[in-house]
Amino acid sequence: MVSSAFKKGSIEMLTLLMLQEGDIYGYQLIQMLSDRSGGRLTVQEGSLYPLLYRMQDCGYISGRDITVQTRNGRKRNRVLYHLEPGGRIRLTELKAEFDQVQEGIQSVFRNSVPIGYEREEVYAQSSVEIPAGSEKESTLSLFPQSRIPEPTGG
């Protein structure tokens, strides 16, 4: 399960992404998100509906009230959400921001000591000689992760 801090900013983008395929009910959005993420991303109705209302207020989506008949023959009111042109623009903006953040995070990982190591361990496992206190000593990009063995033990 993905933590709410990572997920919170992504739900708007993913909702707009799924709405570009066609009009969808709120509950269907919840199911699609869970299904397409392999269960790793879930959102509660109490979190999704305020987001949908805010996106309607911003003009990104619209909602149309319709009456549907349930399996047991009862009628029920539902809102069918539709992606508006402003929502397509917003989706493009959010995707560009997501790509930049993702690239930045990947760059930090590439240029950092691998998880499970301390800097001194990386230096000890490297064949590169670095004088103590030199400017290069703090440059971790000299040690590409592909040359560093995985931690052993448990």
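As a basis for the values below, the full set of heavy atoms in this structure was taken, side chains included, without hydrogen atoms, waters or symmetry mates.
To the nearest 0.5 Å, atom CE of residue Met32 and atom CD1 of residue Ile30 are 12.0 Å apart. With rounding to the nearest 0.5 Å, the separation of CZ in Arg90 from OH in Tyr60 is 4.5 Å. In this structure, Glu12 CD and Leu94 CG are separated by 5.0 Å, a value rounded to the nearest 0.5 Å. Interatomic distance, CG of Leu33 versus OG1 of Thr15, reported as 7.0 Å (0.5 Å rounding). One distance of note links CG of Leu80 with CG of Asp23; it measures 4.5 Å at 0.5 Å rounding. Rounded to the nearest 0.5 Å, atoms CG (Leu41) and CG (Asp35) are 11.5 Å apart.
Between Ile61 and Leu16 there is a side-chain heavy-atom pair separated by less than 4.5 Å. Tyr49 places none of its side-chain heavy atoms less than 4.5 Å from the side chain of Val79. Proximity of Arg76 to Thr67: side-chain heavy atoms (C-beta onward) are nowhere separated by under 4.5 Å. In this structure the side chain of Tyr81 never reaches within 4.5 angstrom of the side chain of Met55, judged on heavy atoms.
When all heavy atoms of Glu84 and Ser62 are compared, the closest pair comes out as OE2-OG, 2.6 Å. Of all heavy-atom pairs between Ser34 and Thr42, the closest is OG-CG2, 4.1 Å.
Between the Thr92 side chain and the Arg88 main chain, a donor and an acceptor come within less than 3.5 Å of each other.
With sequence neighbours left out, Glu21 forms a salt bridge (charged side-chain N to carboxylate O under 4.0 Å, His left out) with Arg36.
Placement of Val101 and Phe109 within a single hydrophobic cluster is found when ILVMFWY residues are connected by side-chain heavy-atom separations under 4.5 Å, directly or transitively. Residues Tyr53 and Leu91 share a single hydrophobic cluster, defined by chaining ILVMFWY side chains whose heavy atoms lie under 4.5 Å apart. Tyr25 and Leu51 fall into different hydrophobic clusters, where Ile, Leu, Val, Met, Phe, Trp and Tyr residues are linked whenever their side-chain heavy atoms come under 4.5 Å apart, directly or through other members.
For CD of Gln100, the number of neighbouring non-hydrogen atoms (other residues, nucleotides, ligands) closer than 6.0 Å is 12 at most.
Ile89 belongs to no hydrophobic cluster, as no Ile, Leu, Val, Met, Phe, Trp or Tyr side chain comes under 4.5 Å of its own.
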